[in-house]
Amino acid sequence: MPLSILRKTHFLRSPLKKKMATIVASMSPTHISPLTHLHSSPETNPPLSLFENCNSMDQLKQTHSQIIQKGIASEPILHSKIIAFCCTSKAGCMNYARYVFDTIPEPNVYIWNTMIKGYTRINCPNYAVSFYKEMLEKNIKPDTYTFPFLLKGYTSDAALQCGKLVHAHVCKFGFDSDLFVQRALVCMYSLCGQIDIACGVFDMSSKTDVVSWNVMISGYNRSKRFDESRKFFDAMGRKGVLPTSVTLVSVLSACSKLKDLETGKRVHLYIMNGNVDPSLILENALIDMYAACGAMDVALGIFESMTKRDLISWTVIVKGFVNSGQIDVARKYFDQMPERDSVSWTAMIDGYLRFNNFKEVLILFREMQTEKVNPDEFTMVSILTACAQLGALQVGEWVETYIDKNQVKNDIYVANALIDMYFKCGNTEKAVRVFEKMACRDKFTWTAMIVGFAINGQGKEALDILSDMLRASISPDDVTYIGVLCACTHNGMVNEGRNFFSSMTLDHGIEPSVAHYGCMVDLLGRAGHVTEALEVIKKMPMEPNSIVWGTLLGACRVHKNVEMAEIAAKELLQLEPNNGAVCVLLCNIYAVCNKLENLREVRHMMMERGIKKTPGCSLIEMNGIVHEFVAGDQSHPQSEEIYSKLEEIMEDLKFAGYLCNTSELSLDIGEEEKENALNRHSEKLAIAFGLISSEPRVTIRIVKNLRICVDCHHVAKLVSRIYDREVIVRDRTRFHHFRSGSCSCKDYW
DNA sequence: TTAGGGTTAG
């Protein structure tokens, strides 16, 4: 809304004025019911009751026409009645109100107020304020009703400036001590996201009633400051203000977010004692509170005893089971729902997301579309998150197009999820395009950009983004710095990383967490400073976790440092005795360094303890379907074709000078067998499948659960050159963009 | 006045 609206008159000339006059004039006499009683002294006894019985604009217009015919249309009370109907009734029409308003020679403050109320009611606060301005120009003084009507129109962050100007007028006209005006101000500030100012007005109010308290409590909920909602509720009790069901619904919502079962139970008891009338909304709020606090038995008890349930009751139960980890039970209730809207679908989709079942997310999303339920922005964020995890670029792109075409609200959450999805699918160009189009960005946006560039090996771009972020006065947080350190790590920028690590605390007051120390270990270790990396671990103010030791172990593998590897592996196995990945890494290191005796020892220990290696798994999306391959997989319907293509590829590669790199294979087997095992790695199967299933020159995108092995890395480079294909592999830690025989990681991984 | 969303070291 333009601020100028209060400073300058923008009084609207009713475009429909002429049209309305025509409508009234054209009403044929047959439409008009005979109003014989109008003959009895109309001036002294206006037929007010006629207006009170009006149910539609047609009836109102008929009555109005009669009044005009009888020559009593200038009665002020009749004007008020017509305008009140048009402005406040559900069937009302502001254009007609405007038409009548223009015929009144000197409208009184009541009529002005009613017009303001009407424009606010139809969500046109700018028209309301124009009327207000016009009223002042006509020397009509506002009264205590004027401001609540005006203020009620300001309900969003964008309206705050206008709201504040109206507040100034409230003070100027001396209405700042009126209960209703104060309440309207509290409400306006609360809805415009300024709960602290609302609180200030509330504290200064001469009188407060339960409605004002309710406005404050719901305002804190809206600002996600649930702890303060609860404090207000307690304070209200101390002041002896009795809560209404509106209060309790808000308080229960806060309890649900705070997981405050104790206060929740107190509210439940208050309701059970008959202090407020029970309602569906109240019951829903109760089951939500119990479900959120993990008391699913109580939540279900209430749900089952309800005589009437709605979508929300069911959704809350589904969500409750998802939260308690019972995804199958959640699904059972979801399947039983009599009807489902986008919120219920999203609740179920989020359940699968939470349990990392990303494929099921996409399956459910397809079902949702089959049932013709339109996804909203919340659904889209969930789907994009699943696409990011799966590397499902085509589905992700489809989502972006769907959002544009179907006017799904493209808010900051959606844009941030899009950026994250594009980066995690290796498409940095599209991520940047989304970023550039954004009208406003928050710290999540900037952080997603930094992390995104970092994992894609574009360290310089990541650091440029950090500079832009600081220039835009957005404070980085701990996650931002994880991205920054990660960018330095993936690009071997050791000194820069060291500097960022110290400036993080010195300049931004962010205390390093175990994750930040982990990044430093990675930064130093990967660059070959393995001893210094161990020093960092020793000096950490907290206990190093398994990730930190695993990072050091990974660095030892790259730099073939057996001694340090043994230290790291020992520490790791103490923390996680059954971690298969550690044993495999240690085996890799022993194999590379030709320490076969140690290798056998580890293998023996693994067998004894029943430790299994995590099977390598690669995903590749083809025409919107995600295909999954594990090492040696033969379950794919096109398996035969895939293996014969793979054979062909290996022949082509050998012809081009490829030598199989079996150095990391920990098995005590012959060279041929080793080569065979390597050739069945999941990423090779996915590459072969990609080559036979897509058009020439189309990029092959693969997501792998483990780190890509040296041999597969080499093969991918050659494939990109020999077949002229861009191959993008996202492994556990980063992206490898293979183009024309080389990789974006510059073999630094 | 009741249900839902985003970034995180290996």
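Protein chains get the first letters and strands the later ones, always in sequence-line order, with residue 1 at the start of each.
A salt bridge links A:R266 and A:D234; the closest N-O separation between the charged side-chain nitrogens and carboxylate oxygens is under 4.0 Å. Using a 4.0 Å cut-off between charged nitrogen and carboxylate oxygen, A:K443 and A:D477 count as a salt-bridge pair. Electrostatic pairing of A:R354 and A:D350 does not count as a salt bridge here, judged by no charged N lying under 4.0 Å from a carboxylate O.
Among the protein residues, A:V318 comes within range of no part of the nucleic acid, since none of its heavy atoms lies under 4.0 Å from any strand. Heavy atoms of A:D341 sit under 4.0 angstrom from at least one base atom. Residue contacts for A:T346: at a heavy-atom cut-off of 4.0 Å it reaches a base atom on one of the strands shown. Using a 4.0 Å heavy-atom cutoff across all strands shown, A:V521 reaches no nucleic acid atom at all. Nucleic acid contact class of A:V343 (heavy atoms, under 4.0 Å, all strands): base. No engagement by A:D478 is indicated, since no non-hydrogen atom pair under 4.0 Å with the nucleic acid exists. Here A:N545 lies in heavy-atom contact (under 4.0 Å) with a base. Nucleic acid contact for A:R526: sugar-phosphate only, since backbone atoms but no base atoms lie under 4.0 Å from a heavy atom of the residue. When heavy atoms are screened at a 4.0 angstrom cut-off, A:N214 is found touching no nucleic acid atom at all. The residue A:R734 sits apart from the nucleic acid: no heavy atom pair falls under 4.0 Å.
The side chain of A:S250 lies closest to B:dT1 when the candidates are B:dG4, B:dT1, B:dA9. Checking B:dA9, B:dT8, B:dG4 against every side-chain atom of A:C519, the shortest atom distance belongs to B:dA9. Checked against B:dA9, B:dG5, B:dA3, the side chain of A:I312 finds its nearest nucleotide in B:dA3. Each of B:dA9, B:dG5, B:dG4 was ranked by its minimum atom distance to the side chain of A:E377; first place goes to B:dG5. Between B:dG10, B:dG5, B:dT7, one nucleotide has an atom nearer to the side chain of A:D420 than all others, and that is B:dT7. For A:T379, counting side-chain heavy atoms from C-beta on, the closest listed nucleotide (B:dT7, B:dA9, B:dG4) is B:dG4. In this structure, of B:dG10, B:dT1, B:dG4, it is B:dG10 that holds the atom nearest to the side chain of A:D522. Each of B:dA9, B:dT7, B:dG4 was ranked by its minimum atom distance to the side chain of A:T385; first place goes to B:dT7. Distances from the side chain of A:T447 to the nucleotides B:dT1, B:dT7, B:dG5 place B:dT7 closest. When distances run from any side-chain atom of A:V249 to the nucleotides B:dT1, B:dA9, B:dA3, the shortest one goes to B:dT1.
Rounded to whole Å, the distance from NZ on A:K257 to P on B:dA3 is 4 Å. Across the protein-nucleic acid pair, A:R441 atom CZ and B:dT7 atom P stand 19 Å apart, rounded to whole Å. What separates NE2 of A:H490 from C1' of B:dG10 is a distance of 9 Å, to the nearest Å. Atom CG in A:L364 sits about 18 Å away from atom P in B:dG4, given to the nearest Å. When rounded to the nearest whole Å, the span between CH2 of A:W345 and C1' of B:dA3 equals 17 Å. To the nearest angstrom, P of B:dT8 lies 11 Å from CZ of A:F444. What separates CG of A:D288 from P of B:dT2 is a distance of 10 Å, to the nearest Å. When the P atom of B:dT8 is taken as reference, atom CG of A:L523 falls 19 Å away, rounded to whole Å.
An OP1 or OP2 oxygen of B:dA3 is reached within less than 4.0 angstrom by a side-chain nitrogen or oxygen of A:S253. The shortest distance between the side-chain N/O atoms of A:K424 and the OP1/OP2 oxygens of B:dT8 is below 4.0 Å. Between A:S218 and B:dT1 there is a side-chain polar atom (N or O) within less than 4.0 angstrom of OP1 or OP2.
Between the side chain of A:D411 and the backbone N or O of A:V414, at least one donor-acceptor pair lies under 3.5 Å. Within the 3.5 Å criterion, the main-chain N or O of A:K424 finds a donor-acceptor partner in the side chain of A:R730.
What you find for A:A386 and A:F358 is that their closest heavy atoms are CA-CD2, 4.1 Å.
With sequence neighbours excluded, the residues that form a salt bridge (Lys or Arg N to Asp or Glu O under 4.0 Å) with A:E367 are A:R331.
Side chain A:D411 to base B:dG5: a donor-acceptor pair is found below 3.5 Å.
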